[in-house]
Structure formats: C-alpha cells, structure tokens
**Student:** 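One structure follows; several queries about it will come next.
Just so you know, these numbers come straight off a predicted model, no measurement behind them.
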Amino acid sequence: QVQLVESGGGLVQAGDSLRLTCAASGRTSGDNAMGWFRQAPGREREFVAALSSSGVATHYTNSVKGRFTISRDNAKNTVYLQMNSLKPEDTAVYYCAVGRTYYISTLSTMYAYWGQGTQVTVSS
C-alpha cells in the first residue's frame, strides 16, 4: 500500500552535487524511519543513510559522512538525499526505503518498502 517514486539521479563529474528525491504515497503513517541504500554492479546492497520519523536523528555510513545529508519533508511525504563532493566510488543505483518501525537501522531487512532505484554515475 506504499509506493515510492524516486528522481534526481544522473551522470555527473567528480566533485559535483546531486539531490535525490523520494516521494511516498499510499497508506503510510509518516512515523517510520526512512533510509537510502545503494548497490553497485557486482556488489551487495549497501546502507548509505537513514533518519528517524522526527527527522532529527540521522545516521550515515562512514564513506559518506560530511558529504551526504538525508532529510525529510513530512508535509510533502518526501525524503531527500543531498550528495555533495561526489566521488566515482559513489556510482551505484540508489534506493529509498521505508522502515518497518520508527527506529533507524542499517539493515535492509528492517525496511518494508523500496523505490525502483535511480542511477547515479560519477565520472573521474
């Protein structure tokens, strides 16, 4: 009953910025944690960032700390991932997800709904 529509991916050069947007629709209470994951070809899906239902508590994987910012606009039922100082290592398909609870988790199994993914490619 929850659908996630992503946008904002693209092809950029190292050092550039992108903002990913994930709009949620359907029967979601807005009390769940939200997260972003990514998956590069031949690699496992990797946790990137998450935030609590309040939008105050956040957590990031070490490789993106200081460069990425996750936020949410509850009025628009939308979550964002601002990505600055992009590196070629950030190249992946990025997925947004709705958590099963209001707790932040780095585990993909703790998220119930997933977007279709959006491609981010960073050239050297």
Side-chain angles (χ1 to χ4, degrees):
Q1 293 182 312
V2 176
Q3 297 82 42
L4 304 175
V5 180
E6 304 178 9
S7 61
L11 173 62
V12 298
Q13 294 182 335
D16 287 350
S17 298
L18 283 173
R19 188 173 81 159
L20 305 183
T21 299
C22 180
S25 62
R27 294 185 178 182
T28 178
S29 67
D31 294 331
N32 302 79
M34 299 290 295
W36 286 94
F37 291 75
R38 65 187 181 187
Q39 187 168 22
R43 302 192 65 181
E44 297 180 352
R45 186 167 297 185
E46 174 190 27
F47 170 80
V48 177
L51 81 171
S52 65
S53 60
S54 69
V56 175
T58 60
H59 182 66
Y60 301 88
T61 191
N62 286 337
S63 63
V64 308
K65 286 182 178 178
R67 300 189 297 118
F68 290 11
T69 302
I70 187 171
S71 62
R72 67 195 300 167
D73 185 340
N74 288 335
K76 297 182 178 180
N77 209 20
T78 301
V79 62
Y80 305 94
L81 185 67
Q82 178 67 46
M83 304 184 294
N84 298 327
S85 301
L86 283 164
K87 304 175 181 179
E89 308 94 272
D90 297 318
T91 296
V93 176
Y94 283 71
Y95 302 88
C96 65
V98 180
R100 298 183 183 275
T101 72
Y102 50 80
Y103 293 113
I104 289 177
S105 177
T106 63
L107 304 176
S108 61
T109 54
M110 294 300 293
Y111 293 83
Y113 303 98
W114 296 80
Q116 80 285 354
T118 184
Q119 178 71 49
V120 172
T121 302
V122 185
S123 62
S124 301

**Student:** Strictly by disulfide bond (SG atoms under 2.5 Å apart), give each pair with a member in residues 30-78 just once, sequence neighbours left out.
**Tutor:**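 Listed by first then second residue: nothing to list.
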**Student:** Which residues satisfy the side chain to side chain donor-acceptor pair (under 3.5 Å) test with T121, sequence neighbours excluded?
**Tutor:**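 T121 satisfies side chain to side chain donor-acceptor pair (under 3.5 Å) with Q119 once adjacent residues are dropped.
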**Student:** Apart from Y111 itself, which Ile, Leu, Val, Met, Phe, Trp or Tyr residues share its cluster (side-chain heavy atoms under 4.5 Å, direct or through members)?
**Tutor:**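 Y111 clusters with F37, F47, V93, Y95, L107, M110, W114.
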**Student:** Quick one: list whatever passes side-chain contact (heavy atoms from CB on, under 4.5 Å) with A33, sequence neighbours left out.
**Tutor:**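 A33 satisfies side-chain contact (heavy atoms from CB on, under 4.5 Å) with no residue once adjacent residues are dropped.
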**Student:** With rounding to the nearest 0.5 angstrom, report the OG to CG distance, S52 to D31.
**Tutor:**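 Reported value, rounded in 0.5 Å steps: 11.0 Å.
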**Student:** Can you list the residues that meet the side-chain contact (heavy atoms from CB on, under 4.5 Å) rule with A23, with sequence neighbours excluded?
**Tutor:**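 Per chain and number, A23 pairs via side-chain contact (heavy atoms from CB on, under 4.5 Å) with T78.
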**Student:** Show the nearest heavy-atom pair for residues I104 and A57, with the distance to one decimal.
**Tutor:**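 Minimum heavy-atom contact is CD1-O, 3.3 Å.
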**Student:** When rounded to the nearest 0.5 angstrom, what distance separates CD in Q82 from CG in L18?
**Tutor:**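 The CG atom of L18 is 8.5 Å from CD of Q82, to the nearest 0.5 Å.
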**Student:** Any chance CD of Q13 has more than 12 other-residue heavy atoms, nucleotides or ligands included, within less than 6.0 Å?
**Tutor:**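 No, not enclosed.
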**Student:** For T101, check side-chain contact (heavy atoms from CB on, under 4.5 Å) against everything at least two apart and list the hits.
**Tutor:**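 T101 satisfies side-chain contact (heavy atoms from CB on, under 4.5 Å) with Y103 only.
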**Student:** Please list, chain by chain and in numerical order, all residues satisfying side chain to side chain donor-acceptor pair (under 3.5 Å) with E46, sequence neighbours excluded.
**Tutor:**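 So E46 forms a side chain to side chain donor-acceptor pair (under 3.5 Å) with R38.
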**Student:** Which heavy atom of V64 sits nearest to which heavy atom of V48, and what is that distance?
**Tutor:**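 Reported closest heavy-atom pair: CG2-O, 3.8 Å.
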**Student:** What are the two closest heavy atoms between S105 and A50, and how far apart are they?
**Tutor:**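 Smallest heavy-atom distance, with atoms named: O-CB, 4.2 Å.
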**Student:** Return the OG1 to CZ distance between T58 and R72, rounded to the nearest 0.5 Å.
**Tutor:**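 Taking OG1 in T58 and CZ in R72, the distance rounds to 12.0 Å.
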**Student:** What pair of heavy atoms forms the shortest contact from Y80 to T21, and how long is it?
**Tutor:**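 Scanning both residues, the minimum pair turns out to be CD2-OG1, 3.5 Å.
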**Student:** Disulfide bond (SG atoms under 2.5 Å apart): which pairs involve residues 40-102, sequence neighbours left out?
**Tutor:**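 Applying disulfide bond (SG atoms under 2.5 Å apart) to every pair that reaches into residues 40-102, excluding sequence neighbours, yields C22-C96.
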**Student:** Can you name the nearest heavy-atom pair linking G115 to L4, along with the distance?
**Tutor:**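 Closest pair (atom of G115, atom of L4, distance): N-CD1, 3.6 Å.
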**Student:** How would you list, by chain and number, every residue that makes a side chain to side chain donor-acceptor pair (under 3.5 Å) with D73, sequence neighbours excluded?
**Tutor:**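 D73: no side chain to side chain donor-acceptor pair (under 3.5 Å) contacts found.
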**Student:** By the rule that ILVMFWY residues connect when side-chain heavy atoms come within less than 4.5 angstrom, directly or transitively, which residues belong alongside V56?
**Tutor:**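 V56 shares its hydrophobic cluster with no other residue.
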**Student:** Looking at residues at least two apart in the chain, or sitting in another chain, which of them share a side-chain contact (heavy atoms from CB on, under 4.5 Å) with T118?
**Tutor:**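 With sequence neighbours excluded, T118 shows a side-chain contact (heavy atoms from CB on, under 4.5 Å) to E6, L20, Y94, given in chain and number order.
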**Student:** Which residues pass the salt bridge (Lys or Arg N to Asp or Glu O under 4.0 Å) test with R67, not counting sequence neighbours?
**Tutor:**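 If we apply the salt bridge (Lys or Arg N to Asp or Glu O under 4.0 Å) test to R67, skipping adjacent residues, the hits are D90.
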**Student:** Hey, does L81 have a side-chain heavy atom less than 4.5 Å from the side chain of R19?
**Tutor:**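 No - every pair of side-chain heavy atoms lies 4.5 Å or more apart.
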**Student:** List the atom of T109, the atom of R100, and the distance in Å for their closest heavy-atom pair.
**Tutor:**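 In this case the closest contact between T109 and R100 is O-NE, 2.9 Å.
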**Student:** Is the closest side-chain heavy-atom distance between L51 and V79 below 4.5 Å?
**Tutor:**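 Yes, their side chains come closer than 4.5 Å.
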